[in-house]
Amino acid sequence: MSQTSESVLPVILAAGLGTRMKSRKPKVLHELCGRPMLAYVLDAARGVSGRRPLVVYSPATAAVAEAFAEGADLAIQAETLGTADAVRAALAVTPEEVCEILVLSGDVPLVGSDLLAELIDMRRARNAAVALVAVHAIEPGGLGRVVRTEDGGQVLRIVESKDATPDELEIEEINAGVYVFDAAWLRSRIGDVKPSPVTGEFYLPELVALARADRRPVVSLEVDDDGTLVGINDRAQLAAAELELRMAINERHMLAGVTMIDPIRTYVDVTVELGQDVVLEPGVVLRGSTRIGEGTRIGAGSQIIDTVIGRDCTILASVLESSKVEDEVQIGPFSHLRARSSIGRKVRVGNFAEVKASRLDAGVQQHHFSYIGDAELGERTNVGAGTITCNYDGVRKHKTKIGKHVFLGSDTMLIAPIELGDEARTGAGSVVTRDVPAGMLALGVPARLRKPRVEVTPAASESVKPSAAEAAERTPR
Ligand code: UD1
Ligand code: CA
């Protein structure tokens with residue numbers, strides 16, 4: 001691969017709304033494995049050029065400018081009159097010292113830096129006016145056809161499918177929409193592109209015919225269709241590209257020591273990090289900034305978004321969002337961690353439990369049908385079945401603070417704001433409206449405080465669960 005170069009300016013065309021997507025959203029903002037298409041193109045460009053890429057957008061794709069203003073320069077194309085007109089808009093803001101222009105399409109997201117480096121070298125070697133990527137496509141569809149001399153040696157021109165004769169449509173070599181131009185030559189000729197008599201658009205590939213007319217070399221880098229260079233125009237092609245990328249991501253993780261029971265049905269965003277011996281069952285969806293530690297198993301159908309999970313955890317059929325989970329935790333089946341939940345070591349959450357914006361310290365047990373929101377729970381506290389932090393009074397959210405080794409009987413309602421001290425207890429069905437000091441028992445509706453008949457001894461408080469007999473008496477486990 002050649003050195004990244006300051007002389008090459010990457011220009012990325014992203015002014016077309018992409019009508020074939022049938023979407024309100026600009027095409028290049030549609031995502032592939034969790035990142036917008038355009039982000040991939042920008043990465044590829046950065047791999048070969050030290051210059052900030054220049055993105056061409058239009059009033060219809062203003063959202064593109066907003067999303068990418070930080071990492072790229074912008075040029076506006078007032079009206080989307082075609083790809084040549086888009087490049088003209090780019091040249092209007094291109095500094096004089098730029099001697100090569102790399103043109104990429106925002107809708108060809110899987111193009112790799114290695115290929116671009118090769119294309120740049122190829123243009124330089126022949127001092128060509130244009131170097132382009134030509135793909136031997138299995139399904140040329142609506143793409144531009146590469147028309148060559150009889151002997152097949154020289155590229156004569158590119159013909160768009162809408163403008164092509166039936167014979168030309170038979171050609172199976174297509175234009176990838178990726179080019180390197182001699183910048184000075186491009187500046188001198190961009191104004192000479194005539195609109196297509198069929199569509200009225202100014203086609204960038206017309207520059208190929210103009211270079212031939214000027215007797216300047218046109219070179220082509222010929223590649224086979226591996227699914228990475230066929231542009232995305234509609235949602236079927238979006239899904240096909242996503243499949244291609246997903247398989248590559250999954251293979252990378254499997255080769256690094258991750259087990260996937262069914263990789264075709266495992267959906268891992270490109271941004272996700274996985275430790276060794278992670279096991280992903282079918283239908284798992286891992287999104288965004290999710291990171292999963294060694295030896296953790298993610299059960300079928302789980303969805304994990306922007307969440308960091310420690311080592312040796314088991315997550316079964318659950319949804320975890322924007323949360324943190326420490327080591328050896330068990331969650332699920334059918335539990336939900338909502339944003340800003342923090343789960344300590346060896347905690348158990350689930351079946352059918354919900355946690356929101358709460359901290360559960362090490363060893364907390366929250367088993368059945370319960371809701372913990374805006375709360376802090378101390379070490380080894382036990383949350384009985386059906387327990388709810390009543391954190392919302394209809395206007396505001398309130399906090400619940402629960403100490404260590406607390407035992408909450410089944411169906412306890414904790415009316416926040418409220419605090420329960422260490423080793424406090426509540427009876428089944430209690431509605432707790434006032435703070436419970438350490439070691440006290442709250443019973444009834446509304447709950448009254450009393451000293452527990454049996455003092456909680458240090459030995460008793462050390463067991464994470466009450467004895468089997470106690471458990472049977474007080475709470476369905
Ligand atoms: C284009 C090529 C075609 C090639 C194909 C590869 C032209 C005329 N045709 O066709 O030869 O086989 O890509 O994928 O270039 N854009 C603008 N401004 C415009 C029009 C388009 O910025 O006025 C942008 C689009 O947002 C898109 C890119 O240019 O990112 C390509 O445009 P698109 O309309 O998708 O061209 P294709 O028909 O796919
Ligand atoms: Ca396209």
Side-chain angles (χ1 to χ4, degrees), residues 8-13 16 56 81-91 94 98-105 107-108 111 115-116 118-137 140-165 167-223 225 229-231:
V8 188
L9 174 71
V11 170
I12 297 157
L13 308 186
V56 183
L81 301 174
T83 45
D85 184 63
V87 168
R88 190 165 21 202
L91 287 173
T94 298
V98 168
C99 24
E100 288 170 296
I101 308 241
L102 167 66
V103 176
L104 299 167
S105 299
D107 64 351
V108 184
V111 63
L115 183 97
L116 299 182
E118 209 178 321
L119 192 68
I120 291 168
D121 288 346
M122 201 172 187
R123 194 208 69 79
R124 286 179 189 164
R126 295 274 310 279
N127 190 24
V130 191
L132 59 89
V133 177
V135 184
H136 293 278
L143 297 167
R145 308 296 200 270
V146 178
V147 181
R148 289 182 181 268
T149 49
E150 295 255 308
D151 64 359
Q154 305 278 320
V155 178
L156 286 175
R157 60 200 169 85
I158 309 291
V159 60
E160 294 306 307
S161 64
K162 283 181 192 153
D163 305 23
T165 63
D167 276 355
E168 286 167 340
L169 282 177
E170 294 294 309
I171 298 172
E172 286 177 346
E173 190 181 14
I174 60 104
N175 166 32
V178 175
Y179 325 78
V180 182
F181 290 98
D182 172 334
W185 179 81
L186 183 64
R187 283 190 188 96
S188 74
R189 287 301 242 158
I190 190 80
D192 298 329
V193 173
K194 300 276 174 295
S196 152
V198 179
T199 63
E201 278 183 41
F202 294 86
Y203 296 154
L204 185 62
E206 281 300 297
L207 267 307
V208 171
L210 292 178
R212 297 281 310 183
D214 290 353
R215 303 190 176 283
R216 285 286 306 268
V218 173
V219 292
S220 63
L221 179 57
E222 290 175 51
V223 294
D225 182 3
L229 283 168
V230 184

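Side chain of Glu168 to main chain of Thr165: a donor-acceptor pair is present (N/O by atom type, distance under 3.5 Å, no hydrogens or angles). A donor-acceptor pair is defined here as one N or O able to donate and one able to accept, closer than 3.5 Å; no such pair exists between the side chain of Arg123 and the backbone of Val180. For Ser105 (side chain) and Asp107 (main-chain N/O), no donor-acceptor pair under 3.5 Å exists by modelled atom type. Put simply, the side chain of Arg215 never gets that close to the backbone of Ala213: no donor and acceptor are under 3.5 Å apart. In this structure, the side chain of Arg216 does not engage the main chain of Ala211 through any donor-acceptor pair within 3.5 Å.
Put simply, CG on Asp121 and CG on Leu116 are 11.0 Å apart, with the number rounded to the nearest 0.5 Å. In this structure, the separation between OH on Tyr203 and CD1 on Ile158 is 13.0 Å, given to the nearest 0.5 Å. Distance CD1/Ile190 to CG/Leu207: 5.0 Å, rounded to 0.5 Å. Taking CZ of Arg212 as the reference point, atom CZ of Arg157 lies at 11.5 Å (rounded to 0.5 Å). From Leu156, atom CG reaches atom CD of Glu150 across 9.5 Å, with rounding to the nearest 0.5 Å.
For Arg189, the salt bridge (Lys or Arg N to Asp or Glu O under 4.0 Å) partners are Asp192, Asp214, not counting sequence neighbours. Qualifying salt bridge (Lys or Arg N to Asp or Glu O under 4.0 Å) partners for Asp225, counting only residues two or more places apart in sequence or in other chains: none.
Two residues are said to be in side-chain contact when any heavy atoms from C-beta on lie closer than 4.5 Å; Thr83 and Pro205 meet this criterion. Taking the side chain as every heavy atom from C-beta outward, Val147 and Val208 never approach each other to under 4.5 Å. Using a 4.5 Å cut-off on side-chain heavy atoms (C-beta onward), Trp185 and Leu210 make contact. Using a 4.5 Å cut-off on side-chain heavy atoms (C-beta onward), Val155 and Glu222 make no contact.
Considering all non-hydrogen atoms of both residues, Ser220 and Ala134 come closest at CB-CB, 4.4 Å. When all heavy atoms are compared, the tightest approach of Leu143 to Ser161 is O-CB, 3.7 Å. Nearest heavy-atom pair across Arg148 and Gly153 is NH1-O, 3.3 Å. In this structure, Val108 and Ala176 approach most closely via the heavy-atom pair CG2-O, 3.7 Å.
Screening Asn175, Ile174, Leu221 for a side chain to side chain contact (heavy atoms under 4.5 Å, CB included) involving Val135 leaves a single residue, Ile174. With respect to Phe181, the side chain to side chain contact (heavy atoms under 4.5 Å, CB included) criterion is satisfied by exactly one of Leu102, Val130, Leu132: Val130.
The closest side-chain donor-acceptor pair between Arg187 and Thr94, if any, does not fall under 3.5 angstrom.
Between Lys162 and Glu201 there is no salt bridge, since none of the side-chain N atoms of the basic residue sits less than 4.0 Å from a carboxylate O of the acidic one.
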